[in-house]
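Heads up, the thing below is written out as C-alpha cells.
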Protein chains: 2
Amino acid sequence: MEAISINKFKGNAMRNRCQWRKRLKGRGYRLTISREAIINALRSTDKHLSAEDIYLTLHSKYPEIGLTTIYRTLELLDQMGIISKFDFGDSRARYELSGDYGNKAHHHHLICTNCLKIIDYTDFIDDELELLNKTQKELSGKYNFDITGHLIRFYGLCDECKEEKNT
Amino acid sequence: MEAISINKFKGNAMRNRCQWRKRLKGRGYRLTISREAIINALRSTDKHLSAEDIYLTLHSKYPEIGLTTIYRTLELLDQMGIISKFDFGDSRARYELSGDYGNKAHHHHLICTNCLKIIDYTDFIDDELELLNKTQKELSGKYNFDITGHLIRFYGLCDECKEEKNT
DNA sequence: ATTTATAATGATAATCATTTTCATTGTATA
DNA sequence: TATACAATGAAAATGATTATCATTATAAAT
Ligand SMILES: [Mn+2]
Ligand SMILES: [Mn+2]
Ligand SMILES: [Zn+2]
Ligand SMILES: [Zn+2]
C-alpha cells in the first residue's frame with residue numbers, strides 16, 4: 001500500500017515533470033535546447049532564481065544562450081503556468097517551477113527583510129485553505145470579483161540577521 | 001455612549017493623523033512644505049498613488065516640487081512606517097498612508113489581473129488574524145524567524161473585466 | 001535526406017522607473 | 001540675524017527589462 005502510493009506519487013510527479021513538453025507542443029511552440037536547459041536549471045535547485053542567475057548558471061555549458069532568450073522563455077513559461085514569477089523586493093524578478101511541474105508542493109514564503117533570504121514553508125496550508133475558501137466566497141460575492149489566485153507572505157528577520165542585531 | 005466612542009475615535013484618528021509631524025521632528029527631520037504636501041496628497045484620496053501620480057497632482061499648486069523629492073520623501077515616510085509601499089505589478093511602486101496615519105483601517109487588496117483595479121477589503125480580518133497568529137507562532141519557532149509583517153492578497157477578474165470576457 | 005514555412009534566437013539599442021551627484025536653498029535653533 | 005546642516009532640484013547615471021531586426025533552428029511536408 002505504502003509502496004504503491006509512493007510509486008503512484010512518483011509516477012504523477014514524473015508525468016507532470018515532463019508535461020511541459022506536451023504543453024508547449026500543444027500550443028504550437030517548439031522544443032528548443034534553451035527551453036529545456038532553462039527548465040532544468042530551475043528543476044535542479046530549490047532557490048528562487050533571477051533571469052541573470054539562470055543566464056550565469058547556463059553560460060558555461062551553453063555559451064550561445066543569451067540573456068534575451070532567458071527573459072523571453074521565462075515570460076512564456078510564466079504565461080503557461082509552468083513557472084511562477086515573484087518580486088521579493090530586490091528589484092529583479094525571481095522564478096521557480098510551479099507546483100505541478102517542480103518538486104515543491106504548494107507553499108508560501110518567509111522573507112528576511114535584512115538579507116532577503118527566502119524560506120519556503122508549507123505549514124498550515126490546510127488552515128490557510130479554509131480561510132482562503134471562506135474569504136474567496138465572500139469577496140467574490142461582495143465585489144463580484146472572480147478570484148483566481150492568492151499571495152500570502154510573511155516578512156521579518158531570519159535566524160542569522162536576528163543575532164546580528166543583538167551583537 | 002455611542003457619541004463618546006465616536007468622539008474618542010475621531011480624537012484618536014485626528015491625533016494620529018498629525019502624529020507624523022512629531023515623528024519626523026523627533027528623529028531630527030525637518031518639516032517642509034514638500035513633505036506636508038505629499039502627505040496631504042495621499043490623505044485626500046483612497047487610491048494607491050505612484051510617485052508620478054503625486055508629482056502630477058501637486059505640480060499645479062507646487063511647481064517647485066521635483067520628482068526627486070517625491071521619491072526621497074516617499075522612501076523616508078515608508079521607512080518610518082507612515083506610508084506603505086506596494087508593488088501591484090505595473091512596474092511602478094504605489095503608496096498609501098498606513099493604518100495609523102490615514103483613514104483606512106488595516107486591510108488587504110483584491111487585484112484585477114486584467115485592468116489592475118485595486119480594491120481594499122477589510123473582511124475576515126478577525127479570522128485572518130487568528131490564522132496569522134497561529135502561523136506566526138509556529139513559523140517563528142520552527143525557523144527561528146522573527147515575523148514583523150505579512151502580505152495577503154487576492155488576484156482575479158473584476159466586475160467589468162469579467163463581463164468583457166463574456167462579450 | 002531536402003525543402004519549406006515560420007518560430008526562436010542573439011546582438012544591440014531603447015525604455016523607463018528609480019538613484020546618485022552636487023551645487024544651491026530652506027529650516028530650525030540659538 | 002547668523003549658523004549648521006538637512007533638504008532640494010536639475011541633470012546624469014543606473015539597471016532591469018523590452019523592442020528591433022537580421023539570422024538561425026525546428027518540425028512538418030516532400
Ligand atoms: Mn518558493
Ligand atoms: Mn490599500
Ligand atoms: Zn536574514
Ligand atoms: Zn478589471
Side-chain angles (χ1 to χ4, degrees), chain A residues 20-41 48-80 82-95 116, chain B residues 20-41 48-80 82-95 116:
Chain A
W20 68 271
R21 302 166 158 286
K22 291 174 192 161
R23 294 283 309 277
L24 286 184
K25 294 201 92 168
R27 298 202 191 180
Y29 295 112
R30 294 175 177 173
L31 299 182
T32 68
I33 36 182
S34 307
R35 285 168 181 172
E36 173 127 46
I38 290 168
I39 286 186
N40 285 335
H48 305 82
L49 302 179
S50 68
E52 197 187 1
D53 286 341
I54 296 173
Y55 174 77
L56 294 174
T57 299
L58 298 182
H59 194 260
S60 52
K61 190 167 179 185
Y62 304 95
E64 66 282 359
I65 298 180
L67 189 52
T68 308
T69 296
I70 309 272
Y71 275 109
R72 273 189 294 231
T73 302
L74 290 171
E75 153 111 56
L76 176 66
L77 296 175
D78 181 35
Q79 232 69 56
M80 303 190 63
I82 293 170
I83 65 176
S84 301
K85 182 180 185 179
F86 295 102
D87 168 28
F88 292 124
D90 62 342
S91 69
R92 80 199 51 201
R94 295 187 170 276
Y95 305 82
L116 210 75
Chain B
W20 68 271
R21 303 166 157 287
K22 292 174 192 160
R23 294 282 309 277
L24 285 183
K25 294 200 92 169
R27 298 202 191 181
Y29 295 112
R30 294 176 177 173
L31 300 181
T32 68
I33 36 183
S34 306
R35 285 167 182 175
E36 174 127 46
I38 290 168
I39 285 185
N40 284 336
H48 305 82
L49 302 179
S50 67
E52 196 187 3
D53 286 341
I54 297 173
Y55 174 78
L56 293 174
T57 299
L58 297 181
H59 193 258
S60 51
K61 191 168 181 185
Y62 304 95
E64 67 280 0
I65 299 180
L67 188 52
T68 308
T69 295
I70 310 271
Y71 274 110
R72 274 190 292 232
T73 302
L74 290 172
E75 153 112 54
L76 176 67
L77 296 175
D78 181 36
Q79 231 70 58
M80 303 190 62
I82 292 169
I83 64 177
S84 302
K85 182 180 185 180
F86 295 102
D87 167 28
F88 292 125
D90 62 342
S91 69
R92 78 200 51 200
R94 295 186 170 276
Y95 305 82
L116 211 75

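Chain naming here is simple, since letters A, B, ... match the order of the sequence lines and numbering starts at 1 in each. What you are looking at is a predicted structure, and each value in this text was computed from that prediction instead of being measured.
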Query raised in the report: Out of C/dT21, C/dT9, D/dA27, which nucleotide sits closest to the side chain of B/Arg72?
Result: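 For the B/Arg72 side chain, the nearest candidate turns out to be C/dT21.
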Query raised in the report: Looking at C/dT9, D/dA25, C/dT18, which one has an atom nearest to any side-chain atom of A/Arg30?
Result: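 Nearest to the side chain of A/Arg30 among the choices is D/dA25.
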Quick one: [X] [atom1] to [N] [atom2], roughly how many Å, whole number?
| X | N | atom1 | atom2 | value |
| --- | --- | --- | --- | --- |
| B/Asp90 | C/dT18 | CG | P | 9 Å |
| A/Glu36 | C/dA8 | CD | C1' | 16 Å |
| A/Arg92 | D/dA16 | CZ | P | 5 Å |
| A/Arg21 | D/dT26 | CZ | P | 13 Å |
| B/Ile33 | C/dG26 | CD1 | P | 9 Å |
| A/Arg27 | C/dA8 | CZ | P | 13 Å |
| A/Ile38 | C/dT9 | CD1 | C1' | 11 Å |
| A/Gln79 | D/dT18 | CD | P | 10 Å |

Query raised in the report: If only side-chain N and O atoms of A/Ser34 are considered, is one of them under 4.0 Å from the OP1 or OP2 phosphate oxygen of C/dT9?
Result: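 Yes, A/Ser34 has a side-chain N/O under 4.0 Å of OP1/OP2 on C/dT9.
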Query - A/Tyr71 vs D/dT17: side-chain N/O to OP1/OP2 distance below 4.0 Å - result: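 Yes.
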Requested in this report: With a 4.0 Å heavy-atom cut-off, tell me which residues in residues 54-68 of chain B come close to DNA chain D, sorted by residue number.
Outcome: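 When residues 54-68 of chain B is checked for heavy atoms under 4.0 Å from DNA chain D, the hits, listed by number, are B/Glu64, B/Ile65, B/Gly66, B/Thr68.
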Close side-chain approach of [X] and [Y], heavy atoms under 4.5 Å:
| X | Y | result |
| --- | --- | --- |
| A/Thr73 | A/Thr32 | no |
| A/Met80 | A/Leu24 | yes |
| A/Ile70 | A/Leu58 | yes |
| B/Glu36 | B/Arg21 | yes |

Requested in this report: Mind checking the NE2-CD spacing from B/His59 to B/Glu52? Nearest 0.5 Å is all I need.
Outcome: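 If we round to the nearest 0.5 Å, B/His59:NE2 and B/Glu52:CD are 11.5 Å apart.
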Query raised in the report: Closest nucleotide of DNA chain C for B/Lys25 versus for B/Glu52: which of these residues is on the 5' side?
Result: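 Final value for this comparison: B/Glu52.
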Query - Expected output: side-chain A/Asp53 to main-chain A/Ser50 donor-acceptor under 3.5 Å - result: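 Side chain of A/Asp53 to backbone of A/Ser50: a pair is present.
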Query raised in the report: If every non-hydrogen atom of B/Phe88 is compared with every non-hydrogen atom of B/Leu116, which pair is closest and at what distance?
Result: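 Looking at all heavy atoms of both residues, the shortest contact is O-CD1, 3.5 Å.
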**Report entry** Closest-nucleotide ordering on DNA chain D, the 5'-leading residue of A/Thr32 and B/Arg35
**Finding:**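 The residue mapped nearer the 5' terminus is B/Arg35.
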